[in-house]
Structure formats: structure tokens, C-alpha cells
Amino acid sequence: MAIFRLYFDILKYLNTNPQLLHTEKLEVIAASYGDYAYYGARKTLQSHVSARAKALQHLIHKNESQTLQEWYGKDWAKDSGSFPDFVLECQGVDLLGDGALIELKDSEGEAIASFNSTLPEKRKELSELPQHVQSSVRWYQRQVGKPCPDERDCFYIIRTKRREPHSVRLSIVEGSFFCTITNQELLRELWKQVMQEAGLSANSYNVQQILDKLSSLSRDQIAKVRRIEGASIKPRLRVMAEVEAEGNPHKYNAIKERTVNLIFQHDGTQSKREAEIVAQMFQKDGLTAEVQPENQITINGITVTLCLLQHKRNGVYTVAQAHLPHQCRIPKTSSSTQRG
């Protein structure tokens, strides 16, 4: 499945009890979508992972315990602690986010939680991920008989003001929202500033060569633990990232309080058929979607509003937005049961 089914499943789950938007753990909200090829938070989501393993039994003809061990190894119930938190099952359809890599970012304030395990990207190759992630995803895709492409779209599920019932926001955001320059350019400028602070001139030929070499290192190569002769500790460099205000979708007026949003890059064309085009994307992901007046779409009975968000550094984004009430909807009492 692709990113549109993920968005709908999360929205459907939260729509049944809007209080979950600010009370439930983000990984549990994400797990309301079932077709994952990989779970990172397996300790927290043991019941979800076990349920998925049971669903695979008829394909591989092994019991739940055997299935889990083949999928994740003997210590299957341990959290991964590395990027990504989830990987969507790849269906082999030509649709945004099919088989996407999903990372969760949860924070109590307005800012997005820091990126500690990886730098955000629009796309990333499966072969660049930790070996245990690669093997689990490839094993799963073999069992379901679906393709396993190397290049994957990256999406980030972000929640801000998570403990504030009136101000909380949740969005599934395409990685390009955070990536206005390449990571190679980002790292080159980082090393350049470090060298300048060390008193080295960035204009010298030798420094330029060094910058070229350093900027070609991946984040994992930089973060590698290194042994130093005579040292009793093993040093490790770590590249972390914080999001600028311009790269935080929840800082834009288009993203309202108590909303659940899907945010992805607009194709750049101005079209009166915007709602129709987006509805077709949901349909291609196996959902029933009908265009309504006022730029709205009804998806399997749930209505979302479409709008455009002008990123201050990276063009236009399409937003599918649903507003959640503060309380559960209570059915009206029939007149026959009311007091006279």
C-alpha cells in the first residue's frame, strides 16, 4: 500500500475517538495501519507485530513464533532504535509512498523533535539502511510475493503540542518538506563552518579538497564508532539536525489546530481538477473517494478538505486535512426514549 492508505487508516482510527489525537502514543497511532513490511518499535507494538505474523502464516505455513523469528530474528521483540520506524508494504503500484520509509517525530512544543538517527531525505535506498532492516523488509516482500525496490520515498509522521487538547496537530509529511538542499550540500557547509571556526581558510585549495572528501561521507560513516590506539574509550561523531521554522509545516497557517494532515509536494501545475486528481490517488490505493463541493473529498465516508501550502523555500505542497472534534460524537437520543 502507499501513503494514501496510511493516512486514511490513521484518520479512521482517530475519528472513532478524537481524544486519542493527544493521549495515545504516536507509534500506536501509526500502527492503526496494518500492512507494514517492518516495525521498528517491536517492544511497544508486540501485539501488532504478532497479529501481522499470524496473517502471514497461511503464506509461509509456519507458526507465529517461527514466522517472527524468520522476520526479525531470535530477539524479535526488541526495539530497533534506528531509522526507519516503519516500512510500508510495497505493492508495486506507480503511486507516491508505495513501500515508503516512515519515521515518527513527537514533541510537546511547537518545534519538531530533533532528527537524531538520520538526516531527513525525500528518498532513500533500502540498501543504505541497517542490515537488520534490509533483511526484514526483503524477507517480508518475498513472503507476500511483491517487488522490493531499492529506492523508497521517505515520509515523516509528526505531532506537535501532543499534550495540548486544543492545539495538537498531526501530519504525514513528505521528506522533501525538510530537504531544500541536498544532504551532501548540507554536510559540505557544515564542515566548512567547522573549519572556519578552527581558523582554516575555506578558500585555500587544500581545504576545498578536504571539503569535497568530507561532504561525500554518509551520515552512518561519520557516526561510526572508532578505536584509537592507547585510548580507553571509543569516540563517535554524531550528526543531528533540528528543523528551521520554515521547514516546520505546523508553523504555517494552513495547518490548523486539531487536524490530521497529509502533506506532499504539488506537481507545480495549476488545475481546477485538483480534487479529482487527489481523489484518484486515494482510489488507486484501494479506497473509495468522491469529489465534493468546496474542494473536499469523501474517502470511505470521511470528508477531508484540500488546500495548497506555499513552502517558504521549496515550492507548493498539497494538503489533505481533516479536523477532529474535541469530544467523541454522541448519537442523538431518539424521541421515543426521551422523557415526556
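Just the heavy atoms: all of them, side chains too, but no hydrogens, waters or symmetry mates, feed the values below.
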**OP:** Show your working on ring-ring contact (aromatic ring centres under 6.0 Å, His included) between Y38 and Y140 and close with a plain yes or no.
**Re:** CA-CA 8 Å; Y38 172 82; Y140 178 94; over 10 Å; no
**OP:** Could you please spell out the steps behind the side-chain hydrogen bond (donor to acceptor under 3.5 Å, both in side chains) verdict for S65 and N63?
**Re:** CA-CA 6 Å; S65 177; N63 63 36; 4.7 Å; no
**OP:** Step by step, work out the side-chain contact (heavy atoms from CB on, under 4.5 Å) result for R5 and D9.
**Re:** CA-CA 6 Å; R5 167 70 74 168; D9 284 358; 3.5 Å; yes
**OP:** Run the numbers on M195 and L214 for side-chain contact (heavy atoms from CB on, under 4.5 Å), then give the verdict.
**Re:** CA-CA 11 Å; M195 288 183 173; L214 288 174; 3.7 Å; yes
**OP:** Dump the intermediate steps for ring-ring contact (aromatic ring centres under 6.0 Å, His included) on Y156 and F115, then the final yes or no.
**Re:** CA-CA 11 Å; Y156 300 83; F115 290 90; 5.5 Å; yes
Original post:
Taking it one step at a time, do I263 and F177 satisfy side-chain contact (heavy atoms from CB on, under 4.5 Å)?
Top reply: CA-CA 9 Å; I263 305 172; F177 205 95; 4.1 Å; yes
**OP:** Report the C-alpha distance between H311 and T180 in whole Å, list the side-chain angles of each, state the deciding distance to 0.1 Å, and finish with yes or no for side-chain contact (heavy atoms from CB on, under 4.5 Å).
**Re:** CA-CA 10 Å; H311 193 298; T180 51; 3.9 Å; yes
**OP:** Go through the steps to decide whether E27 and R42 satisfy the test salt bridge (charged side-chain N to carboxylate O under 4.0 Å, His left out), and finish with yes or no.
**Re:** CA-CA 10 Å; E27 60 265 34; R42 297 184 294 276; over 6 Å; no
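Distance OG/S215 to CG/N183: 11.5 Å, rounded to 0.5 Å. To the nearest 0.5 Å, atoms NZ (K192) and CG (L187) are separated by 14.5 Å. Between the CG atom in L170 and the CZ atom in R258 there is a gap of 11.0 Å [rounded to 0.5 Å]. Atom CD1 in I172 sits 6.0 Å away from atom CG in L262 (nearest 0.5 Å). One distance of note links OH of Y33 with CD1 of I102; it measures 8.5 Å at 0.5 Å rounding. Taken from OG1 in T318 to CD in Q265, the straight-line distance is 9.5 Å, to the nearest 0.5 Å.
Taking each heavy atom of V137 and C148 in turn, the nearest pair found is CG1-SG, 4.2 Å. Taking all atoms of both residues into account, the shortest heavy-atom contact from P325 to P18 is O-CB, 3.0 Å. In plain terms, the two heavy atoms of Q208 and R188 that are nearest each other are OE1-NH2, 2.6 Å. The heavy-atom pair separating A245 from Y252 by the smallest distance is O-CE1, 4.4 Å. Across all their heavy atoms, H266 and E274 have their closest contact at CE1-OE1, 2.9 Å. Considering every non-hydrogen atom in both G97 and F155, the closest pair reads CA-CE1, 3.9 Å.
For Y13 and E24, the side-chain atoms include at least one donor-acceptor pair closer than 3.5 Å. For the residue pair S107/T160, the side-chain donor-acceptor check at 3.5 Å is not satisfied. Counting only N and O atoms by type, the side chains of W139 and E70 include a donor and acceptor under 3.5 Å apart. Under 3.5 Å, the side chains of Q184 and S216 contain no donor-acceptor pair of N or O atoms. In this structure, a donor-acceptor pair under 3.5 Å is present between the side chains of N261 and T259. For the 3.5 Å distance criterion, the side chains of E64 and T67 fail to qualify, holding no donor opposite an acceptor. Between the side chains of Y72 and S135, not a single donor N or O lies within less than 3.5 Å of an accepting N or O. For the residue pair Q91 and D98, no side-chain donor N or O sits within less than 3.5 Å of a side-chain acceptor on the partner. Using modelled atom types and a 3.5 Å distance limit, the side chains of Q321 and R169 yield no donor-acceptor pair. Residues Q283 and T288 bring no donor and acceptor atom of their side chains to less than 3.5 Å of each other. Under the 3.5 Å distance criterion, with hydrogens and angles disregarded, no donor-acceptor pair is assigned to the side chains of Q193 and E197. Inspection of the Q296 and T305 side chains reveals an N or O donor paired with an N or O acceptor under 3.5 Å.
Ring pair Y39/W71 is perpendicular by interplanar angle, where above 60° counts as perpendicular and below 30° as parallel.
Around NZ of K284, the count of heavy atoms belonging to other residues, nucleotides or ligands within 6.0 Å exceeds 12. Counting heavy atoms of neighbouring residues, nucleotides and ligands inside a 6.0 Å radius, atom CZ of R226 exceeds 12 of them. Enclosure of atom CD in E294 is not indicated, since only 12 or fewer non-hydrogen atoms of other residues, nucleotides or ligands lie within 6.0 angstrom. Annotation for E242: atom CD does not count as buried by contact number, only 12 or fewer foreign heavy atoms lying within 6.0 Å.
You'll find the side chain of S171 reaches within 4.5 Å of the side chain of I255, heavy atoms only. Contact of the P249 side chain with the I158 side chain is registered, since non-hydrogen atoms from C-beta on lie closer than 4.5 Å. At a threshold of 4.5 Å between non-hydrogen side-chain atoms, the residues K122 and F178 do not count as touching. Proximity of Y317 to L308: side-chain heavy atoms (C-beta onward) are nowhere separated by under 4.5 Å. Contact of the Q143 side chain with the R138 side chain is not registered, since no non-hydrogen atoms from C-beta on lie closer than 4.5 Å. Residues Y7 and V260 meet the side-chain proximity criterion, which asks for heavy atoms closer than 4.5 Å.
Checking each of H250, E108, E110, H22 against K161 for a side chain to side chain contact (heavy atoms under 4.5 Å, CB included) leaves exactly one that passes, namely E110.
One N or O on the side chain of T182 and one on the backbone of E185 form a donor-acceptor pair closer than 3.5 Å. One N or O on the side chain of D150 and one on the backbone of L126 form a donor-acceptor pair closer than 3.5 Å. Looking at R159, its side chain does come within 3.5 Å of a backbone N or O of L21 through a donor-acceptor pair. K105 places a side-chain N or O within donor-acceptor distance of the main-chain N or O of S114, the cut-off being under 3.5 Å. No side-chain donor-acceptor contact under 3.5 Å links Q292 to the backbone of I297. Side chain of N15 to backbone of L324: no donor-acceptor contact under 3.5 angstrom is found. With hydrogens and angles disregarded, a donor-acceptor distance shorter than 3.5 Å links the side chain of R152 to the backbone of G99.
Taking the ring-ring contact (aromatic ring centres under 6.0 Å, His included) definition, one finds that F264 meets it with F4, sequence neighbours left out.
Criterion: ILVMFWY side-chain heavy atoms under 4.5 Å apart, direct or through other members. Under it, M240 and I112 are not part of a common hydrophobic cluster. Connection of V291 to I302 is not established within any shared hydrophobic cluster, with ILVMFWY side chains joined at heavy-atom distances below 4.5 Å, either directly or through further cluster members.
Between D79 and K43 no salt bridge is recorded (no basic side-chain N to carboxylate O distance below 4.0 Å). Under 4.0 Å is where a charged nitrogen must lie from a carboxylate oxygen, and between E103 and K124 no such pair does.
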